[in-house]
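Note sheet for the following structure.
Just the heavy atoms: all of them, side chains too, but no hydrogens, waters or symmetry mates, feed the values below. Proteins come first, then strands; the chains are lettered A, B, ... in the order of their sequence lines, and each starts at number 1.
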2 protein chains.
Amino acid sequence: MIPDGLLLPQPSQPSLSEVVLKILREMISAGQFKPGQHLKEAELATALKVSRGPVREALTQLEAEGHVELRRHRGAFVSTLTRVDVEEVHTLRTAIERLAAERACTRMGEPEFAAMDAVLEKMKAATRPVKPEDAVRLDLQFHDIIYAACDHQRVQRVWTSIRSQVSFFLHTRNVNFPDFTDVGYPEHLELRNALSQADPAAACAAVEKHLSGAYERLKKLDLPDKPV
Amino acid sequence: MIPDGLLLPQPSQPSLSEVVLKILREMISAGQFKPGQHLKEAELATALKVSRGPVREALTQLEAEGHVELRRHRGAFVSTLTRVDVEEVHTLRTAIERLAAERACTRMGEPEFAAMDAVLEKMKAATRPVKPEDAVRLDLQFHDIIYAACDHQRVQRVWTSIRSQVSFFLHTRNVNFPDFTDVGYPEHLELRNALSQADPAAACAAVEKHLSGAYERLKKLDLPDKPV
DNA sequence: CGATCGTAAATTGTTAGCAATTAACGATTG
DNA sequence: CAATCGTTAATTGCTAACAATTTACGATCG
């Protein structure tokens, strides 16, 4: 018998598709490609030293995540995120995060709250001014815990599909208005406290309040009105 | 100048991946494959007279739709839908359909209501006993109108990703308890009337009531408890 | 006789090359 | 000179062959 979990946490070497996906996702989120830019399979393939197959698979996944638009026989074009997209992501996120919180609040135990508190501690302790990427990372880490705790594969999947867009928006905002310092910690703490009541209705309300606050700040960004 | 819409409705010949996807999706929904069955790329490819590429793409899409499970270096296995899956699909669907209805009720115009009424008319007029596949088709057609009217690409996409699972559950239910005849028409009519009030809160409540009713009936099915 | 290790078969992951489609350019015509 | 039609270049869609990985079987050893 093998000691439990000795060689197991070896997530079976990621496939090339996954590697390529991660790289491209990161590059797009970081704004390395211009919106509207044509991503050519062959170009990316040679640049990444792989063949077109894995690149192709990564691109279809990126389409599902809303980062690129796939046009038949034309290829992949980086999406230009408009204020309509901000609204869509916000409303969809609210819908699923309400559900996630409802379920999570009665399922979270000691370890989950400990993980949350660790993140909260980092938010409080972060040296001002907080770097945008750190702020975004902590913010998402906090919400990831809720989604993980809600124990709902399909909700988890939807969250994954909008997560990097949320990341993009948060990043843009934090670059333009670096006030995460002030609102980040208290607002998340409030949400944590609501969750610890283990009352679905309360958790739901807290999520709505939290997200609508974030959305209000997000709307201050000036984004393109229409895709060119 | 070309007369508006003469050659346009030519949706640019579907790709092989799409054809394969449609076929496999249909076969799985209709129960042509046993749950847990191993779908081998090469087998499907030769059977469908295409190469493994398109089959592969179709399988990854089917995974996103929850019809198969993809295991690294093992391949695609037909999902066995458990009562946990029924619950997940139901709760996720409720979350997004609330949102869809909220938006749809203030966006629906004459044509949308006309389309709904046409479906309702067919529900009422259907000769008893209604064939399960007809009942499912009409049911989904009705809800498709809501999703289309809500004007929300991302919600639409999530709906697409669970739609055929909903279809599967509805089908199974209608086969076992053919009472769509009695509840189908009045319940959908009630929802339609709520939507026509153009009041988001009312629409939301109506959706919740409608779906929870459907879920209660769905729970009567005895489904496997655990994936084998 | 049971357990373990090595080997082989089957299947997926990846690559490279060919075919089909699109879009852009330039010649041609009214 | 503007508009249209053929031609060509570029890019994706698809195919077929190769490499890597996993599982299953059987020989070997205790």
Side-chain angles (χ1 to χ4, degrees), chain A residues 1-3 6-25 28 33-34 36-64 67-79 227-228, chain B residues 1-4 6-24 28 33-34 36-64 67-79 227-228:
Chain A
M1 190 52 157
I2 299 178
L6 182 61
L7 281 167
L8 301 178
Q10 198 185 38
S12 84
Q13 191 166 276
S15 73
L16 283 190
S17 318
E18 290 168 35
V19 175
V20 172
L21 175 59
K22 268 200 170 182
I23 294 178
L24 291 182
R25 185 195 281 139
I28 294 182
F33 298 119
K34 289 180 204 161
Q37 184 173 345
H38 189 177
L39 300 184
K40 294 161 199 168
E41 295 181 358
E43 247 179 41
L44 298 173
T46 56
L48 297 170
K49 303 257 181 70
V50 296
S51 76
R52 276 175 51 212
V55 174
R56 227 178 134 75
E57 292 188 14
L59 288 176
T60 64
Q61 181 59 34
L62 284 174
E63 195 221 6
H67 283 302
V68 302
E69 192 179 335
L70 246 46
R71 282 200 278 260
R72 182 166 180 66
H73 280 116
R74 295 293 330 279
F77 297 81
V78 244
S79 305
V228 194
Chain B
M1 190 52 156
I2 298 178
D4 212 78
L6 182 61
L7 279 167
L8 300 178
Q10 196 184 40
S12 84
Q13 192 165 280
S15 72
L16 282 190
S17 318
E18 290 168 35
V19 175
V20 172
L21 174 59
K22 268 200 170 182
I23 294 177
L24 291 181
I28 294 182
F33 297 119
K34 287 181 204 161
Q37 183 173 346
H38 189 177
L39 300 184
K40 295 160 198 167
E41 296 182 358
E43 246 178 43
L44 298 173
T46 55
L48 297 171
K49 304 259 182 69
V50 296
S51 76
R52 277 176 50 212
V55 173
R56 230 179 132 73
E57 292 187 16
L59 288 176
T60 64
Q61 182 59 33
L62 284 174
E63 194 221 7
H67 283 302
V68 302
E69 192 180 337
L70 246 47
R71 283 200 278 261
R72 183 166 179 67
H73 280 116
R74 296 290 331 278
F77 297 81
V78 189
S79 304
V228 193

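Distances were taken from every side-chain heavy atom of Val50(A) (C-beta onward) to each of dA23(C), dT15(C), dT12(C); the shortest belongs to dT15(C).
One can place CZ of Arg72(A) at 22 Å from P of dA10(D), the figure rounded to the nearest angstrom. Here the P atom of nucleotide dT11(C) and the CZ atom of Arg56(B) are 15 Å apart, to the nearest Å. Atom CZ in Phe77(A) sits roughly 11 Å away from atom C1' in dT12(D) (whole-Å rounding). Atom-to-atom, CG of Leu48(B) to P of dT15(D) comes out at 11 Å; the value is rounded to the nearest Å. Leu70(A) has its CG atom 10 Å from the P atom of dT12(D), to the nearest Å. Here the P atom of nucleotide dG13(C) and the CZ atom of Arg71(B) are 13 Å apart, to the nearest Å. One interatomic measurement links the two molecules: CG of Leu16(A) to P of dT21(D), which rounds to 11 Å at whole-angstrom precision. Between His73(B) atom NE2 and dT12(C) atom P there is a gap of 10 Å when expressed in whole angstrom units.
DNA chain C is contacted by both Pro54(A) and Gly75(B); Gly75(B) maps to the nucleotide lying nearer its 5′ end (nearest heavy atom per residue). Heavy-atom nearest nucleotides on DNA chain D were determined for Glu57(B) and for Arg52(B), and the one closer to the 5' end corresponds to Glu57(B).
Listed in residue order, the members of residues 37-45 of chain A having a heavy atom less than 4.0 Å from DNA chain D are His38(A), Leu39(A), Lys40(A), Glu41(A).
Of the listed residues (Leu62(B), Leu59(B), Leu48(B)), just one forms a side chain to side chain contact (heavy atoms under 4.5 Å, CB included) with Val20(B), and that residue is Leu48(B).
To the nearest 0.5 Å, the span separating CD on Glu43(A) from CZ on Arg52(A) amounts to 12.5 Å. Taking CD from Glu18(B) and CZ from Arg72(A), the interatomic distance works out to 6.0 Å, rounded to the nearest 0.5 Å. Residue Ser15(A) holds its OG atom at 8.5 Å from NE2 of His73(B), rounded to the nearest 0.5 Å.
For dC14(D), one of the phosphate oxygens OP1 or OP2 lies less than 4.0 angstrom from a side-chain nitrogen or oxygen of Ser17(B). Between dT21(D) and Arg74(B), no contact under 4.0 Å exists linking OP1 or OP2 to a side-chain N or O.
With Ser17(B) contributing its side chain and Ala58(B) its backbone, the two residues share no donor-acceptor pair below 3.5 Å. For His67(B) (side chain) and Gln61(B) (main-chain N/O), no donor-acceptor pair under 3.5 Å exists by modelled atom type.
The ring pair (Phe, Tyr, Trp, His ring centres under 6.0 Å) pairs that include a residue from residues 42-63 of chain A number zero, where partners must be two or more places apart or lie in different chains.
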